[in-house]
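Below, chain A is the first sequence line, B the second, and so on; all start at residue 1.
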Number of protein chains: 2
Amino acid sequence: MHFTTTEENYIKAIYHLQQETGNVSTNELAAELSTKPASITDMLKKLTVKKLLRYERYKGVRLSSEGEKLALAIVRKHRLWEYFLVNTLEFGWDEVHEVAEELEHISSKKLVEQLDLFLGYPKFDPHGDPIPDSQGRMVMQQQINLIDLAPDIPAEVCSVGSQSTELLEILKHKQLGIGTKLQVKRKFSFDHSIEIKMKNLPAITISQQLAQSLFVKTISND
Amino acid sequence: MHFTTTEENYIKAIYHLQQETGNVSTNELAAELSTKPASITDMLKKLTVKKLLRYERYKGVRLSSEGEKLALAIVRKHRLWEYFLVNTLEFGWDEVHEVAEELEHISSKKLVEQLDLFLGYPKFDPHGDPIPDSQGRMVMQQQINLIDLAPDIPAEVCSVGSQSTELLEILKHKQLGIGTKLQVKRKFSFDHSIEIKMKNLPAITISQQLAQSLFVKTISND
DNA sequence: ACTTATTTTTAGACAAATCTAAATTTAAAT
DNA sequence: ATTTAAATTTAGATTTGTCTAAAAATAAGT
């Protein structure tokens with residue numbers, strides 16, 4: 001069965017939102033997709049007929065297993081293309097998202113499989129997010145939010161909370177990115193800002209909001 | 001300015017048809033795009049407003065210089081992606097067309113330029129068609145139709161007339177493809193079929209229609 | 001040249017995806 | 001528990017790209 005780009009974008013949005021919130025509300029979706037709630041309702045009915053989701057009026061929506069399969073296929077394509085753009089075509093990791101949003105809708109199955117093979121079956125995209133394999137499986141990272149990292153534990157940034165240009169801008173300015181190694185030095189309970197230290201750089205303070213947008217995994221320092 | 005996939009497909013179709021026929025007729029376009037003439041007229045009016053073509057009612061259509069620029073950009077993307085699919089992802093040259101039809105509408109300029117760089121600025125796609133550079137320039141092949149090739153002149157297939165699956169099927173069966181070296185042995189004026197000889201293979205006869213779908217360039221046999 | 005056939009255009013309708021404005025259902029508040 | 005507020009859905013309209021059927025313009029045939 002074939003789906004339009006618009007339908008795929010709805011499925012993808014529901015997939016991402018239901019990771020956190022369980023059932024996804026019409027208003028959440030409207031915000032995520034920059035459309036009006038009325039439009040969401042129309043499309044939810046349409047996708048329900050196509051068996052991609054379980055939806056009851058006024059009660060929110062979840063993906064069916066069909067829908068989840070489709071979502072994972074789209075996420076797989078998105079992340080593989082991001083990996084390709086950064087590692088093969090030498091894009092910066094902060095400039096691949098928009099292009100991947102287009103490339104993820106290319107339908108050829110063979111294209112995805114050959115691309116995966118060419119890239120060497122990567123497990124994580126340039127933002128640190130895991131890439132689903134052809135069966136939709138992906139490895140789980142035990143990553144924690146930077147705000148929860150205990151002081152003096154060496155850790156490495158492995159994922160960012162969103163791809164908004166605003167976030168990417170401040171990260172670039174503060175020289176933070178995927179792979180950056182750091183330690184938390186102090187936590188200020190007044191505004192929940194934290195002081196972090198990166199090698200060869202003076203310690204800097206980052207806001208609660210920024211810290212919450214960064215995910216890290218602890219690393220052994222040998 | 002941004003154009004829809006549909007609009008780009010119209011521009012591309014007009015570009016290809018006007019190579020041969022000069023002014024392009026509504027019916028030709030309808031056949032090429034598998035739509036009805038009425039739909040063509042509607043779209044021609046729309047694209048005229050957007051300054052992409054010169055169109056007068058009942059008199060056919062040509063691309064404006066704006067339109068030609070766009071067409072060349074699309075053709076460039078199509079052929080670069082075909083090259084990529086064959087040379088990087090190891091697709092067969094006869095299975096890349098449909099995928100490239102999708103990829104050619106990805107809009108990122110940087111993507112095209114980085115892809116071109118990565119591929120080493122190729123001059124011809126896997127079907128032997130020239131790839132426009134970033135300025136829209138392409139090298140001209142002095143290729144002639146196989147039907148016009150004089151007997152006993154060594155030549156090499158460098159282009160096929162269309163990408164229809166029917167044509168690709170018969171070419172595969174007869175072991176003909178881009179790069180195939182051959183000579184014409186006899187021409188039968190009865191049905192304009194010709195007998196050709198490839199190295200290490202018995203001579204075969206091919207129909208007028210098939211010969212007209214193949215373009216060759218002469219090669220020195222040293 | 002006049003009639004016939006072909007091509008092209010217009011007019012009106014339809015499906016997809018969206019919108020605004022109004023109505024309905026659920027949730028919150030006193 | 002009743003009212004108020006918020007979220008969601010319905011109803012009707014709009015845009016894009018398409019269609020069919022009918023009208024208009026061009027081309028062809030004798």
**Student:** Side chain to side chain donor-acceptor pair (under 3.5 Å) with A:Arg76: which of A:Asp125, A:Asp116, A:Asp133?
**Tutor:** A:Asp116

**Student:** Can you tell me the distance, in whole Å, between the NZ atom of A:Lys36 and the C1' atom of C:dA21?
**Tutor:** 12 Å

**Student:** Output the single nucleotide from D:dT18, C:dT9, C:dC19 whose closest atom is nearest the side chain of A:Thr35.
**Tutor:** C:dC19

**Student:** Are B:Phe188 and B:Ile194 packed together at the side-chain level, in the sense that at least one heavy-atom pair is separated by less than 4.5 angstrom?
**Tutor:** no

**Student:** Rounded to whole angstrom units, what separation is found between the CZ atom of A:Phe3 and the P atom of C:dA16?
**Tutor:** 14 Å

**Student:** I need the CG-C1' distance between A:Asn9 and C:dT18, as an integer number of Å.
**Tutor:** 14 Å

**Student:** Using the side-chain heavy atoms of A:Asp42, tell me which of these nucleotides is nearest: C:dT9, C:dT18, D:dT18.
**Tutor:** C:dT18

**Student:** Both conditions, 6.0 Å and 45 degrees, for the charged tip of A:Lys110 above the ring of B:Phe91: are they met here?
**Tutor:** yes

**Student:** Would you mind reading off the distance between B:Asn23 atom CG and C:dT7 atom C1', rounded to a whole angstrom?
**Tutor:** 15 Å

**Student:** Within less than 4.0 Å of OP1 or OP2 of C:dT6, is there a side-chain N or O belonging to B:Asn27?
**Tutor:** no

**Student:** OP1, OP2 of C:dT9 versus side-chain N and O of B:Thr26: anything below 4.0 Å?
**Tutor:** yes

**Student:** Let's see if you can work this out: which of D:dT9, D:dT18, C:dT10 has an atom nearest to the side-chain heavy atoms of B:Thr41?
**Tutor:** C:dT10

**Student:** Under 4.0 Å: is that the gap between some side-chain N or O of A:Tyr55 and OP1 or OP2 of D:dT9?
**Tutor:** yes

**Student:** I'd like a table of atom pairs between the protein and nucleotides 23-27 of chain D - only N or O on both sides, under 3.5 Å - with the distance next to each one.
**Tutor:**
residue: D:dA25; atom: O4'; partner: B:Tyr58; partner atom: OH; Å: 3.3

**Student:** Answer yes or no: is there a side-chain heavy-atom contact under 4.5 Å between B:Asn9 and B:Thr4?
**Tutor:** no

**Student:** Regarding B:Ser39, tell me which of base, sugar-phosphate or nothing describes its non-hydrogen contacts under 4.0 Å with the strands shown.
**Tutor:** base

**Student:** Quickly work out the A:Met43 CE to C:dC19 P distance and round it to whole Å.
**Tutor:** 11 Å

**Student:** Can you check whether B:Lys45 has a side-chain N or O nearer than 4.0 Å to OP1 or OP2 of C:dT9?
**Tutor:** no

**Student:** Can you list every pair that meets ring pair (Phe, Tyr, Trp, His ring centres under 6.0 Å) and has a residue in residues 104-133 of chain A, with sequence neighbours left out?
**Tutor:** A:Trp93-A:His127

**Student:** If you assign A:Glu56 and B:Tyr10 each to the DNA chain D nucleotide with the nearest heavy atom, which residue ends up on the more 5' nucleotide?
**Tutor:** A:Glu56

**Student:** Whole-Å distance between D:dT15 C1' and B:Lys50 NZ?
**Tutor:** 12 Å

**Student:** May I have the distance from B:Ile40 (atom CD1) to C:dT8 (atom P), rounded to whole angstrom?
**Tutor:** 10 Å

**Student:** Got A:Tyr10 and A:Thr35 here, is their nearest side-chain heavy-atom distance under 4.5 Å?
**Tutor:** yes

**Student:** Return the CD to CG distance between B:Gln208 and B:Asp191, rounded to the nearest 0.5 Å.
**Tutor:** 8.0 Å

